Amino acid sequence: MKNDQIAAVFEQLSDLLEIQEANPFRVRAYRSAGRTISSTAESFAALVEEGADLTQFSGIGKDLAKQIIEVVTTGQHSQLTELRQQIPAGVVDMLRIRGVGPKKVAVFYNKLHLKSLDELKAAAQAGELSALKGFGKKTEQSILDNIDLAAEAGKRISIADARTAAEAIVQDLQQMKSVTKTAVAGSCRRRQETCGDLDILATSDDASAAMDRLAAHPLVDSVLQRGDTKQRVRLKSGVEMDLRVVADTSYGAAMQYFTGSKEHNVVVRQRARDMGLKVNEYGVFRDDEQIAGATEEDVYAALNLPWIPPELRENRREFEMAAADTIPRLVELEDIKGDLHMHTTASDGAASILEMAEAAKARGLKYIAITDHSKRVSMANGLDAGRLRAHWDDIRTARKQIDGIELLCGIECDILEDASMDLADDVLAEADWVVAVLHYGLQQPRAQIMKRLITAIQHPHVNIIGHPTGRLVGKREGADVNMTEILQAAADYGVMMEINAHFKRLDLDDVNAAAAKDLGIPIVISTDAHSIDGFDVLQYGVDQGRRAGLTKDDVANTKTWTQFRKLLKR
Ligand code: DGT
Ligand code: CA
Ligand code: CA
C-alpha cells in the first residue's frame, strides 16, 4: 500500500466523522494523520512491516498507530467500513461537488435530511439552501453550477483506480490452472481517462470455476448477474465489472469486441459486411465458417486491416491511418528519459531535491527539472525571487551530490489574472526551465484567459505551458480557451506543451495533444510529482499521449539529455 492510499483512508474517515458532527478533535486528529502520512517520504507500509514505532511521527499516537497497522495489514479500517454503512452513499457523493466540504454536507444531511445529489439539486433549485443560516445565494448558485459534473463523475472512475482494480483481478485469475489467458478489455484497455465499468476476459474450459474465483476475490462485494459465460459483479469500491469467459479459438475476437469502442466496432462490422463477412465476439465468419478469431491480429487481418492499438480505437482517425498504412508506433513508458515538472519541500512537495533526484534516477530517468511553485500560490508555500534563488543554489549543490542524472533549475510560474508573470523577467531569465501555468481566475472570460496564455507564450523565458486548461477530470471544467489559437501561438513562438500525467489532470487531453502534434509542437509528458511516489503517474500521461497518436519523436522528453538540452534555448 502506498502512503497516499493509507492517507486516503484517514481522510475519508475524517470526512465521514465530520458529516456525523463527531467530536472536532477526533476529526482533526484523523485529518492531520492523513496529512502526515501523505507528506512523509518513507513508506508506512514498509515501516509497519519492519515493526517500526509509528508514534515517532508528529500527530500519531498509540491508537492511530494501531489503526495504521490495521489498514496496512488488512487493507481495511473497521470504523470506516461501519461509517460507510451508516451514511448513505448519496451523501458522500456531495463531497465531490466543487466548493462543498464535510461541514456543508453535514448541514444538508442533518438539517435538511438530503440523501442524494438529486435531492440536493432540487433543494438548491427551490432556494432552500440559501435560506439556511450561514449559506448565501452565491453558494447555492455555485452548487447548481457544479452538481451535474459531480453526478456525472460519480458514475465513472479514474483510469488509475480502474487499472489498479482490473489488473489485480486479472492477475488473480491468471493464477488458476484452468485459465489460460486473461486480459483487461473495455475503456480501461483503451486507457480512456475515466471508466464507466470494468471489462475483463478469460479463456478457460471451466467458466464456472473462474466465476467462483472472481466472486471470492477480496475486491468484490457482490455478484449482480451470473450466466454460463458472463458474470457481472460489484466491487467494494462501488464500480461494476463484467467478466466474460470464452474459448481459446475466440479469444482475439472477444478481445476485439469487448475492447470497443462501440464507435470503432460499428465501423469494423460495416467493413466486414461490405466484404461479405460477419464479425462478432466469437470470430470472423464467411457464411458459417470461422476464418479468424484466436488473435486480434487475425481478426483485423481478415478485414484487411493492420492491428490497431486499443488507445486509437475511437473511430477518430485510425481507419484513415490504417488505409494509408500510417498507424503510428506509439510512445511507450520506457521511452521517457526526463521529467520536467515536480515539487519539493521548498513549496508543497513531500521530499527534498536530492530525494526526488534519487527516486527519479532509480526509475531510469536521466534528467529532471525541479519546478516548485511561485509566490502567488501562497497556500502551497510558493517562492518569491529571494527564496527561489536560494532554492536554485540548493539544486546546484545537489547536482554535485548525485551522478547519472541532470538537475534543471526550474520554476512553475503562475500567469497572474492580469496576464503578467508572477516573477520578474530577470528572475525567469536565470531559470533553466520555466513552466507557465494558470492556477487562479480560471473562470475569467475567454478573452482574458486567452490574453494570459498568449502573453505567457510570447514571454521570452517561458519554455512550456503546464496543464494548459487547468481542468480536473470529472471535477472542474478547464478554463474557456480557444485551443486552436493557443496551439498556433505555441507553434509560432517555439513553446512546448505539457501533458500533465496526473490522472486527475491529464491536461492536454488526447484530442488537444493530437492537435499539438499536427502543428509539430514538442510535447512533454511530466508527472507534477509532489512526492517520490508521484512519479508513478507517468504511465497515465504516456497513455494519454498514445491516445493522441504520439510517437516517441513527438515527445520531447524521450530525447537524450544531449538532444534535449538543445531545446532549452528559445
Ligand atoms: P465505459 O464502460 O463506459 O467506460 O466504456 P466501455 O467502452 O468499456 O463500454 P462497455 O463496458 O459498455 O462495453 C465494453 C465494450 O464492449 C464496448 O467498448 C464495446 C463492446 N460492447 C458492449 N456492448 C455492446 C453492444 O451492445 N454492441 C456492441 N457492438 N458492442 C458492445
Ligand atoms: Ca466498460
Ligand atoms: Ca461493461
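Side chains included, hydrogens not; waters and symmetry mates left out as well; all remaining heavy atoms used. Keep in mind it's a predicted model, so treat the numbers as computed, not measured. Order of appearance sets the numbers: ligands from 1, and atoms from 1 within every ligand.
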Output the list of atoms in ligand 1 that are nearer than 4.0 Å to some heavy atom of C195, sorted by atom number. 4 (O)
Close-contact set for ligand 1 against T259 heavy atoms, below 4.0 Å: 18 (O)
For the residue pair F10 and H77, does the interplanar ring angle fall in the parallel (under 30°), tilted (30 to 60°) or perpendicular (over 60°) class? perpendicular
Can you tell me the protein heavy atom closest to atom 23 (N) of ligand 1 and the distance? K262 CE, 3.7 Å
Check each of N557, T527, N500 against H341 using the side chain to side chain contact (heavy atoms under 4.5 Å, CB included) test, and report the only one that passes. N500
May I ask you to list the atoms of ligand 1 that are less than 4.0 angstrom from any heavy atom of G260? 17 (C), 18 (O), 19 (C)
Report the atom name of the nearest N/O/S atom of D197 relative to the Ca ion (ligand 2). OD1
Where is the nearest protein heavy atom to atom 29 (N) of ligand 1: which residue, which atom, and how far? R269 NH1, 2.6 Å
What does the angle at the Ca ion (ligand 3) come to, between atom OD1 of D199 and atom OD2 of D242, rounded to 10°? 90°
Distance filter under 4.0 Å to F258 heavy atoms, resulting ligand 1 atoms: 14 (C), 15 (C), 16 (O)
Could you check atom 3 (O) of ligand 1 against the protein and tell me its nearest heavy-atom contact, residue, atom and distance included? R156 NH1, 3.2 Å
Pair D507, Q544 - check side chain to side chain donor-acceptor pair (under 3.5 Å), show working. CA-CA 9 Å; D507 181 16; Q544 192 74 310; over 6 Å; no
Going by the order shown, which atoms of ligand 1 are within less than 4.0 Å of some heavy atom of D199? 8 (O), 11 (O), 14 (C)
As a quick check of understanding, evaluate side chain to side chain donor-acceptor pair (under 3.5 Å) for Q539 and D543, giving each step before the final call. CA-CA 6 Å; Q539 57 186 325; D543 288 343; over 6 Å; no
For S261, the atoms of ligand 1 under 4.0 Å from one of its heavy atoms are 18 (O)
What protein heavy atom lies closest to atom 28 (C) of ligand 1? Include the residue and the distance to one decimal. Y257 OH, 3.3 Å
State whether R31 and E18 are salt-bridged, where the test is any N-O pair (Lys NZ or Arg NE/NH1/NH2 against Asp/Glu carboxylate O) under 4.0 Å. yes
Given the rule in the side chain to side chain donor-acceptor pair (under 3.5 Å) test, do T469 and R476 qualify, once you have shown the distances and angles that lead to the verdict? CA-CA 10 Å; T469 74; R476 175 174 82 197; over 6 Å; no
For the side chain of R98 and the backbone of N146, is there at least one donor-acceptor N/O pair under 3.5 Å apart? no
Enumerate the atoms of ligand 1 whose separation from the nearest heavy atom of D197 is less than 4.0 angstrom. 2 (O), 11 (O)
Which of the numbered atoms in ligand 1 are under 4.0 angstrom from any heavy atom belonging to R190? 7 (O), 18 (O)
For atom 4 (O) of ligand 1, the closest protein heavy atom turns out to be S187 OG, 2.5 Å
